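These figures come from a predicted structure and were not determined experimentally.
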Amino acid sequence: MKNILIICSLIILPLASFAQKCKYDVDKADPFTKEMVQSTTFKIGPKTINGKKNMEVGWTMTFEKNGKDKFVGFKVILFGKFDEIVEVGQKVYLRLEDDTILELVVGKQVLPVYMTGMAVYTHYNLRLKVEDETIQKLAQSGLTNFKMQMNEREIVAEISKGDKVMNIAACFK
């Protein structure tokens, strides 16, 4: 019996070390609804924006679970002042390493936010409601590209932390 316990522990302990280690920036109950809120925000690059090497402040991506609802967020930062508004119904496209294209729909109007200093930057803070299937796909294949159409402007970015996206998405399945 003792030998069986030793053998079982030798098999189970290494498997436990492969388990997903999830750390959240926010991990608490909402004080009003009492539902759990979990979120993680991290930098995703990008390497390039519209084909040009990105020399600007890094974009961020956020995964959020708020009760039963799940969201994916992006802070898109562009050099210069842009006045376009991201309208309800506009689409954001994500390309994965396995050539899957995910189509996310903007549910709330997003106004530009400006940051000034040595230069002017425009920020768009997108928060897109997603289904479990989208999170599952992001957990299975790394993110390679981001695309968003705003009126006449198209923003296409090559993402530099696609494998990190996959690992964090696994925590929100």
Side-chain angles (χ1 to χ4, degrees), residues 22 24-27 30 32-33 35-52 54 56-115 121-173:
C22 298
Y24 304 102
D25 298 334
V26 175
D27 189 8
D30 181 287
F32 296 97
T33 65
E35 292 184 321
M36 282 303 296
V37 177
Q38 296 173 316
S39 72
T40 300
T41 300
F42 55 98
K43 290 187 178 184
I44 58 169
K47 294 182 201 175
T48 63
I49 300 173
N50 293 339
K52 297 177 186 165
N54 180 33
E56 302 163 19
V57 181
W59 294 14
T60 61
M61 183 174 184
T62 301
F63 282 93
E64 176 187 346
K65 186 191 288 187
N66 194 333
K68 294 178 184 173
D69 295 329
K70 294 180 181 178
F71 300 89
V72 172
F74 293 92
K75 180 181 271 187
V76 175
I77 303 171
L78 303 172
F79 179 69
K81 185 175 185 286
F82 301 100
D83 295 323
E84 288 94 353
I85 295 171
V86 181
E87 298 290 349
V88 173
Q90 284 184 274
K91 295 186 178 151
V92 172
Y93 300 94
L94 305 177
R95 183 184 181 111
L96 306 181
E97 287 175 347
D98 66 3
D99 286 332
T100 300
I101 306 291
L102 301 177
E103 183 180 287
L104 309 178
V105 180
V106 175
K108 250 181 145 174
Q109 187 181 62
V110 179
L111 301 174
V113 177
Y114 307 107
M115 182 177 83
Y121 291 90
T122 304
H123 296 215
Y124 291 96
N125 295 309
L126 305 169
R127 185 173 180 249
L128 309 159
K129 189 172 182 181
V130 295
E131 300 298 324
D132 289 333
E133 180 183 352
T134 300
I135 299 293
Q136 182 69 30
K137 287 180 181 177
L138 286 166
Q140 291 173 347
S141 184
L143 177 61
T144 61
N145 299 87
F146 170 97
K147 180 178 175 181
M148 180 172 72
Q149 184 74 38
M150 296 187 322
N151 302 325
E152 300 299 316
R153 182 179 315 280
E154 182 176 80
I155 299 166
V156 178
E158 181 183 0
I159 302 303
S160 58
K161 304 273 184 175
D163 56 336
K164 187 170 186 171
V165 172
M166 188 170 65
N167 294 334
I168 293 174
C171 293
F172 288 86
K173 293 194 290 186

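Note that CE of M61 is 11.0 Å distant from OG1 of T40, once rounded to the nearest 0.5 Å. The distance from the CZ atom of R95 to the OG atom of S141 is 10.0 Å, given to the nearest 0.5 Å. Of the inter-residue distances, the one linking K173 atom NZ with E133 atom CD reads 13.5 Å to the nearest 0.5 angstrom. Atoms CG and CD1, from L138 and I168 in turn, are 11.5 Å apart once rounded to the nearest 0.5 Å. To the nearest 0.5 angstrom, T134 atom OG1 is 14.5 Å from F172 atom CZ. The distance from the NZ atom of K164 to the NZ atom of K43 is 10.0 Å, given to the nearest 0.5 Å.
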_Trace of the salt bridge (charged side-chain N to carboxylate O under 4.0 Å, His left out) decision for E64 with R127_ = CA-CA 9 Å; E64 176 187 346; R127 185 173 180 249; 2.9 Å; yes
*Passes side chain to side chain contact (heavy atoms under 4.5 Å, CB included), L96 versus L143? Steps please.*
CA-CA 4 Å; L96 306 181; L143 177 61; 4.1 Å; yes
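Nearest heavy-atom pair across W59 and I77 is NE1-O, 2.9 Å. Of all heavy-atom pairs spanning E97 and T144, the tightest one is CG-CG2, 3.4 Å. L78 approaches I155 most closely through the heavy-atom pair CD1-CD1, 3.4 Å. Nearest approach of K70 to D132, heavy atoms of both residues: NZ-OD1, 2.7 Å. Scanning all heavy atoms of the two residues, the minimum distance from V105 to G89 falls at CG1-CA, 3.8 Å. Across S39 and T62, no two heavy atoms sit closer than the pair CB-CG2, 4.4 Å.
Using a distance-only test at 3.5 Å, with no hydrogens or angles considered, no donor-acceptor pair links the side chain of Q140 to the main chain of K137. Between the side chain of Q109 and the main chain of V86, no donor-acceptor pair closer than 3.5 Å is present. Side-chain N or O atoms of D30 include none that pairs as donor or acceptor with a backbone N or O of E35 at under 3.5 Å.
Between M115 and H123, the closest side-chain pair of non-hydrogen atoms falls below 4.5 Å. Within the 4.5 Å cutoff, the side chain of T100 has heavy atoms near those of the L102 side chain. By the 4.5 Å heavy-atom criterion applied to side chains, T41 and F63 are not counted as neighbours. Put simply, the side chain of T60 does not reach to within 4.5 Å of the side chain of I44, judged on heavy atoms. Using a 4.5 Å cut-off on side-chain heavy atoms (C-beta onward), I159 and L94 make no contact. Side-chain contact between F71 and L128: absent, with no pair of heavy atoms (C-beta onward) separated by less than 4.5 Å. Residues V72 and I135 form a side-chain contact, since some pair of their non-hydrogen atoms from C-beta on lies under 4.5 Å apart. Using a 4.5 Å cut-off on side-chain heavy atoms (C-beta onward), F42 and V165 make contact.
Checked against side chain to side chain donor-acceptor pair (under 3.5 Å), D27 has the following partners two or more places apart in sequence or in another chain: Q38. In this structure K108 satisfies the salt bridge (charged side-chain N to carboxylate O under 4.0 Å, His left out) test with no other residue, sequence neighbours excluded. Evaluation of the side chain to side chain donor-acceptor pair (under 3.5 Å) rule for K81 yields D83 as partners, not counting sequence neighbours. With sequence neighbours excluded, the residues that form a salt bridge (charged side-chain N to carboxylate O under 4.0 Å, His left out) with K47 are E158. For the side chain to side chain donor-acceptor pair (under 3.5 Å) test, residues two or more places apart in sequence or in another chain that qualify with E103 are K91.
With salt bridges taken as basic N to acidic carboxylate O contacts below 4.0 Å, one links E154 and K147. Between K65 and D69, no side-chain nitrogen of the basic residue sits less than 4.0 Å from a carboxylate oxygen of the acidic one, so the salt-bridge criterion is not met.
Taking the ring centroids of Y114 and Y121, they lie at or beyond the 6.0 Å cut-off.
Within the structure, the ring-ring contact (aromatic ring centres under 6.0 Å, His included) test picks out no pair touching residues 82-113 (sequence neighbours left out).
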